[in-house]
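Data block below; observations after.
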Amino acid sequence: METVLLALLQANADVLDVDANCAVIDSAARDAAAAGAAVLVTPELFPVGYAPRRVRAALDPAELPDLHRRLAGIARNHGIGLVYSLPRITPQGEWQISATLLDTDGSTLLGYGKVHLFGPDERAAFTPAAEQPAVVNFHGIPTSMVICYDVEFPEAVRAAAAGGAELLLVPTALAHGFDDVPQILVRARALESQLAIAYANHSGMEDGCRFLGGSVIAGPDGKLLAAAGEAPVLLYAELDPDAPRRERAGVPYLAERRPDLYRSWGT
């Protein structure tokens with residue numbers, strides 16, 4: 001199979017300025033599509049800004065359907081896949097953090113709700129989801145998603161890999177000072193589950209939080225295919241769709257797991 005170009009947006013969002021944030025996504029999608037990228041991955045809650053308590057207090061849920069349509073229009077207009085993250089409201093009225101993968105025509109391929117909430121602000125504003133990461137075929141690659149803190153749990157990434165995923169797309173909002181997450185944990189998750197991981201973070205200050213930047217794309221051997229500093233950037237990497245299968249044939253971590261035994265250990 002031919003290589004697939006991935007694009008990650010690392011940028012600074014304006015909290016609750018949907019027009020400004022969507023303009024940033026639109027510009028990045030245009031540039032990424034012109035470069036030949038199959039998908040643009042954007043950070044966690046980027047269209048509304050990462051400020052859980054403010055977003056919960058001020059965002060009108062009635063605006064969300066139009067915002068989804070707007071983002072679908074960006075993907076469709078530029079002919080590029082798009083990953084974005086927004087709040088979602090369950091039928092029970094609970095607020096969750098979600099991520100959506102759109103196809104090049106703006107149709108929804110995959111949705112996901114964040115399972116592991118990080119810190120008191122997220123826990124005050126949102127409820128954790130419980131769904132297993134699903135897997136879809138995207139440009140011939142079995143693809144899944146988790147969100148931010150989820151990727152720091154080996155169980156979440158392994159669940160995606162056990163479901164067949166060979167590419168994991170991760171919108172995130174990681175604060176400054178947590179450099180070990182993209183540089184060690186994300187690479188370890190990629191290596192141990194032998195899939196590629198695209199991890200897209202905010203940069204700059206939002207609602208008093210200084211973000212790390214540090215977005216990365218890691219291959220299924222744990223090596224970095226691309227890495228960002230702190231500044232806003234559109235990050236690219238070529239993904240070899242055959243690499244996960246080669247890695248899994250060489251060291252069959254997934255095939256040689258013993259889940260029944262692990263359950264007897266209480267893990």
Side-chain angles (χ1 to χ4, degrees), residues 2-15 17-50 67 70-86 99-104 106 109 138-139 141 143 145 147-148 151 167-176 179 181-183 186-187 190 196-206 209-219 223-241:
E2 294 183 358
T3 60
V4 174
L5 185 65
L6 307 180
L8 268 65
L9 172 65
Q10 177 172 290
N12 183 222
D14 290 325
V15 175
D17 190 339
V18 170
D19 290 339
N21 298 333
C22 283
V24 172
I25 294 173
D26 184 67
S27 177
R30 181 188 63 241
D31 292 347
V39 64
L40 172 68
V41 185
T42 66
E44 182 180 12
L45 294 178
F46 189 87
V48 295
Y50 184 84
L67 188 47
R70 188 170 180 174
L71 291 159
I74 290 173
R76 184 170 55 251
N77 290 342
H78 297 295
I80 189 170
L82 179 65
V83 173
Y84 64 87
S85 170
L86 284 173
T100 300
L101 169 63
L102 301 178
D103 207 347
T104 54
L109 289 176
F138 181 72
H139 285 258
I141 302 173
T143 300
M145 293 189 298
I147 301 172
C148 195
V151 81
L167 171 62
L168 189 67
L169 306 174
V170 188
T172 194
L174 185 71
H176 192 270
D179 307 60
V181 174
Q183 290 296 322
V186 169
R187 296 176 65 180
I197 299 180
Y199 181 86
N201 195 22
H202 295 249
S203 64
M205 296 286 298
E206 295 173 36
C209 178
R210 179 185 174 192
F211 286 95
L212 173 67
S215 300
V216 296
I217 302 172
K223 293 184 173 64
L224 290 179
L225 303 176
E230 288 192 36
V233 68
L234 196 52
L235 193 67
Y236 295 99
E238 291 278 0
L239 180 66
D240 178 357

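Hydrogens, waters and symmetry mates play no part in the numbers below; they use all other heavy atoms, side chains included. Residue indices begin at 1 and follow the sequence shown.
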With [X] via side-chain contact (heavy atoms from CB on, under 4.5 Å) - residues at least two apart:
{"X": "Ala228", "answer": "Gln10, Ser215, Val233, Leu235"}
{"X": "Thr104", "answer": "His139"}
{"X": "Asn12", "answer": "Ser203, Glu206"}
{"X": "Ala231", "answer": "none"}

Side chain of [X], backbone of [Y]: donor and acceptor closer than 3.5 Å?
{"X": "Thr143", "Y": "Ile141", "answer": "yes"}
{"X": "Asn21", "Y": "Phe46", "answer": "yes"}
{"X": "Asn201", "Y": "Gly214", "answer": "no"}
{"X": "Thr3", "Y": "Leu239", "answer": "no"}

[X]: partners by salt bridge (Lys or Arg N to Asp or Glu O under 4.0 Å), with sequence neighbours left out:
{"X": "Asp17", "result": "none"}
{"X": "Arg76", "result": "none"}
{"X": "Glu238", "result": "none"}

Which atom of [X] lies closest to which atom of [Y], heavy atoms considered:
{"X": "Gly81", "Y": "Phe138", "result": "CA-CZ, 4.1 Å"}
{"X": "Gly219", "Y": "Ala190", "result": "O-CB, 3.3 Å"}
{"X": "Gly106", "Y": "Leu102", "result": "O-CD2, 3.6 Å"}
{"X": "Ala175", "Y": "Cys209", "result": "CB-SG, 3.9 Å"}
{"X": "Cys148", "Y": "Thr172", "result": "SG-OG1, 2.8 Å"}

Are [X] and [Y] packed together at the side-chain level, in the sense that at least one heavy-atom pair is separated by less than 4.5 angstrom?
{"X": "Val4", "Y": "Val39", "value": "no"}
{"X": "Thr100", "Y": "Leu86", "value": "no"}
{"X": "Val181", "Y": "Tyr199", "value": "yes"}
{"X": "Cys22", "Y": "Leu67", "value": "yes"}
{"X": "Val41", "Y": "Ile217", "value": "no"}

For the atom pair [atom1] ([X]) and [atom2] ([Y]), what is the distance rounded to the nearest 0.5 Å?
{"X": "Leu6", "Y": "Leu40", "atom1": "CG", "atom2": "CG", "result": "10.5 Å"}
{"X": "Leu212", "Y": "Asp179", "atom1": "CG", "atom2": "CG", "result": "5.0 Å"}
{"X": "Thr42", "Y": "Leu9", "atom1": "OG1", "atom2": "CG", "result": "6.5 Å"}

Which residues share a ring-ring contact (aromatic ring centres under 6.0 Å, His included) with Phe211, sequence neighbours left out: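 Scan of Phe211 (ring-ring contact (aromatic ring centres under 6.0 Å, His included), adjacent residues dropped) gives Tyr50, His202.
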Partners meeting side-chain hydrogen bond (donor to acceptor under 3.5 Å, both in side chains) with Asp240 (sequence neighbours left out):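 Result, side-chain hydrogen bond (donor to acceptor under 3.5 Å, both in side chains) vs Asp240: Arg246.
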Can you give the donor-acceptor pairs under 3.5 Å from side chains of residues 24-34 to other protein atoms, not counting sequence neighbours?
from, atom 1, to, atom 2, distance (Å)
Asp26, OD1, His78, NE2, 2.9
Ser27, OG, Arg30, NH2, 3.2

Pairs where residues 32-50 contributes a residue and the test salt bridge (Lys or Arg N to Asp or Glu O under 4.0 Å) is met, not counting sequence neighbours: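 Residue pairs with at least one partner in residues 32-50: Glu44-Lys114.
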